[in-house]
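Here's the structure we're looking at; comments come further down.
First listed ligand is number 1; within each ligand, the first listed atom is number 1. Just so you know, residue 1 is the first one in the sequence shown, and it goes up from there.
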Amino acid sequence: MTARAAKRPHRTRVLCLSGPNLQLLGVREPEIYGHETLALVHERLAARAKELSATVDCRQSNHEGLLLDWIAEARTSFDGILLNAGAFTHTSLALFDALKAVAIPCVEVHLSNPEAREAYRHESKVAAACVGKVAGFGPQSYLLGLEGLLGALRR
Ligand code: CA2
């Protein structure tokens with residue numbers, strides 16, 4: 001390692017995962033999920049992460065297995081996870097198990113407030129494997145989740 005690299009402060013590495021159908025953000029159902037695209041949310045998140053001496057790698061998938069693989073990968077490559085598991089939030093014991101196994105902190109994020117919506121959205125299978133949750137603030141939930149996650153990591 002060069003002397004310059006040794007002096008460079010370690011940037012906290014965050015993996016941001018968005019689950020099924022979130023690629024439609026800003027395109028469909030703006031009355032529920034707002035007008036910002038997922039690409040814009042990712043851009044804002046990267047800018048905020050930089051201000052907070054962190055980096056964020058943002059990924060989206062409609063496939064539960066791929067989300068599981070990315071969570072497993074995070075154990076060696078990231079310090080924490082931001083997760084909007086979409087509808088898998090309410091169904092996936094596999095995501096809960098993966099988050100428990102990876103043993104790095106995860107913050108659950110939602111654009112809407114699922115508890116103020118249909119009864120079938122009230123239960124989160126992943127919540128018990130997370131250090132906290134931010135829901136109901138639209139795209140800002142991702143930014144608030146990032147701040148909460150970095151706070152938890154640096155406490
Ligand atoms: O509020 C959230 O972030 C949710 O995770 C969104 C999920 C929903 O199943 C959860 O209960 C709460 C749905 C994601 C679908 O994303 C779309 C975005 C734009 C248009 C249509 C779907």
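A pairwise comparison of heavy atoms in Glu147 and Leu52 identifies CG-CD1, 4.0 Å as the closest pair. The two residues Leu153 and Pro105 come nearest to each other via the heavy atoms CD2-CG, 3.4 Å.
Between His110 and His90, the ring-plane angle classifies as parallel under the 30° and 60° cut-offs.
Between the CG atom in Leu143 and the CG atom in Leu82 there is a gap of 9.5 Å [rounded to 0.5 Å].
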Start with the C-alpha distance between Glu108 and Thr89, add both sets of side-chain angles, then the distance that settles side chain to side chain donor-acceptor pair (under 3.5 Å), and finish with yes or no. CA-CA 9 Å; Glu108 180 181 353; Thr89 302; 4.8 Å; no
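More than 12 non-hydrogen atoms from other residues, nucleotides or ligands lie less than 6.0 angstrom from CZ of Phe96.
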If you look at each N/O of ligand 1, which protein N/O atoms lie under 3.5 Å away, and at what distance?
| residue | atom | partner | partner atom | Å |
| --- | --- | --- | --- | --- |
| ligand 1 | 1 (O) | Leu111 | N | 3.3 |
| ligand 1 | 1 (O) | Ser112 | N | 2.8 |
| ligand 1 | 1 (O) | Ser112 | OG | 2.5 |
| ligand 1 | 3 (O) | Asn84 | ND2 | 2.9 |
| ligand 1 | 3 (O) | Leu111 | N | 2.8 |
| ligand 1 | 5 (O) | Asn84 | OD1 | 2.8 |
| ligand 1 | 5 (O) | His110 | ND1 | 2.9 |
| ligand 1 | 9 (O) | Ala87 | N | 3.4 |
| ligand 1 | 9 (O) | Arg121 | NH1 | 2.8 |
| ligand 1 | 11 (O) | His90 | NE2 | 2.7 |
| ligand 1 | 11 (O) | Arg121 | NH1 | 3.1 |
| ligand 1 | 16 (O) | Asn21 | O | 3.4 |

